[in-house]
Amino acid sequence: MRKLLTLAAVALLLSTTAFAQSVGEKTGVNSALGISPTTADFVKEVAMSDMTEIAAAKIGQERGNAEEKAFSAQMIADHTKTSEELKAMVPADAKAAIPAALDSSSQSKIDKLKNAKPDDFSSEFDSMHVSAHKDAVSLFERYAKGGEDAKLKGWSDKTLPALKHHLEMAQNLGKKK
């Protein structure tokens with residue numbers, strides 16, 4: 001019975017629609033192995049990352065210290081820009097892959113940030129941005145090297161320096177204390 005349920009679960013995962021993210025990208029296996037994401041996964045991940053970064057930055061503008069507020073303003077501006085660029089460049093057959101709202105994982109990160117105690121906010125905020133930007137740099141590097149869509153490959157390569165700068169900024173948050 002257990003084997004049957006396992007096989008059914010695997011079959012369900014493998015038969016998901018084009019809206020779903022591949023198992024390898026979702027679990028982080030592709031990142032660990034350095035495998036390029038599919039165009040649909042790349043588009044979904046970038047859109048989700050931008051929406052999460054913007055939502056977190058809005059909370060940072062309300063609750064953060066001066067350094068976090070400045071960082072948040074830049075994140076809102078930069079991630080709004082990349083969201084607009086992505087929507088304009090996404091292949092027509094992948095447009096449906098752009099999510100309209102945060103997924104449950106991203107929403108739980110935002111909820112955790114919203115509910116953080118004042119003494120814990122900076123630590124939560126700073127570590128969330130470091131993690132998010134490490135993931136984004138990996139995603140963009142992998143797509144730039146082996147992505148399927150030439151326009152998105154070029155854009156990901158062009159966007160990488162800004163993401164690396166964001167990661168550096170996030171890593172430096174709170175170091176001046």
Side-chain angles (χ1 to χ4, degrees), residues 9 12-13 16-32 35-64 68-69 71-90 94-118 120-144 147 152 155-156 159-160 162-171 173-174:
L12 180 64
L13 285 172
T16 55
T17 65
F19 297 106
Q21 182 181 28
S22 73
V23 174
E25 200 60 41
K26 190 173 187 176
T27 61
V29 170
N30 288 359
S31 180
I35 298 171
S36 296
T38 65
T39 296
D41 282 351
F42 178 73
V43 168
K44 181 179 185 244
E45 285 294 306
V46 171
M48 191 60 59
S49 176
D50 279 347
M51 287 190 298
T52 305
E53 288 286 330
I54 291 167
K58 287 179 179 177
I59 297 167
Q61 285 188 313
E62 294 171 17
R63 299 190 57 199
E68 290 160 347
K69 287 180 180 183
F71 175 81
S72 293
Q74 184 164 356
M75 292 307 100
I76 290 170
D78 291 356
H79 288 284
T80 298
K81 180 181 178 230
T82 56
S83 287
E84 291 167 359
E85 290 172 350
L86 179 69
K87 287 175 187 167
M89 290 181 15
V90 113
K95 280 217 185 281
I98 296 178
L102 292 176
D103 61 16
S104 60
S105 173
S106 299
Q107 186 61 55
S108 70
K109 291 174 188 174
I110 296 303
D111 292 343
K112 185 176 181 183
L113 200 55
K114 280 181 185 174
N115 297 323
K117 293 182 175 140
D120 299 333
F121 179 79
S122 286
S123 174
E124 292 287 337
F125 180 85
D126 300 356
S127 67
M128 178 184 171
H129 281 281
V130 169
S131 176
H133 284 97
K134 281 181 181 177
D135 291 347
V137 167
S138 168
L139 181 73
F140 275 71
E141 283 176 339
R142 290 182 292 119
Y143 198 84
L152 285 172
W155 176 74
S156 61
T159 306
L160 259 169
L163 291 173
K164 288 178 179 179
H165 180 64
H166 289 177
L167 174 58
E168 185 180 313
M169 290 170 59
Q171 290 170 326
L173 284 172

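Computed from a predicted structure; not experimentally measured.
Between the Ser36 side chain and the Tyr143 main chain, no donor and acceptor come within less than 3.5 Å of each other. A donor-acceptor contact shorter than 3.5 Å is absent between the side chain of Thr80 and the backbone of Ala77.
The side-chain contact (heavy atoms from CB on, under 4.5 Å) search around Ala132 returns Glu53, not counting sequence neighbours. Here Gln107 pairs with Asp111 under the side-chain hydrogen bond (donor to acceptor under 3.5 Å, both in side chains) rule; sequence neighbours left out. In this structure, the side-chain contact (heavy atoms from CB on, under 4.5 Å) partners of Ser72, at least two apart in sequence or on a different chain, are Ala57, Gln61, Phe125. For Ser106, the side-chain hydrogen bond (donor to acceptor under 3.5 Å, both in side chains) partners are Thr52, Asp103, not counting sequence neighbours. The side-chain contact (heavy atoms from CB on, under 4.5 Å) search around Lys69 returns none, not counting sequence neighbours. Listed by chain and number, the residues in a salt bridge (Lys or Arg N to Asp or Glu O under 4.0 Å) with Lys114 amount to none (sequence neighbours excluded). Residues satisfying the side-chain contact (heavy atoms from CB on, under 4.5 Å) test with Lys112, not counting sequence neighbours, are Glu124.
Relative ring orientation between His133 and His166 is described as perpendicular, the plane-to-plane angle rising above 60° on a 0-90° scale split at 30° and 60°. Using the six-membered ring where Trp is involved, His129 and Phe71 have ring planes that are perpendicular, over 60° apart on the 30 and 60° scheme.
Here salt bridge (Lys or Arg N to Asp or Glu O under 4.0 Å) pairs that include residues 74-85, with residues two or more places apart or in two chains, are Lys81-Glu85.
Residues Leu152 and Val43 are in side-chain contact: their nearest non-hydrogen atoms beyond the backbone lie under 4.5 Å apart.
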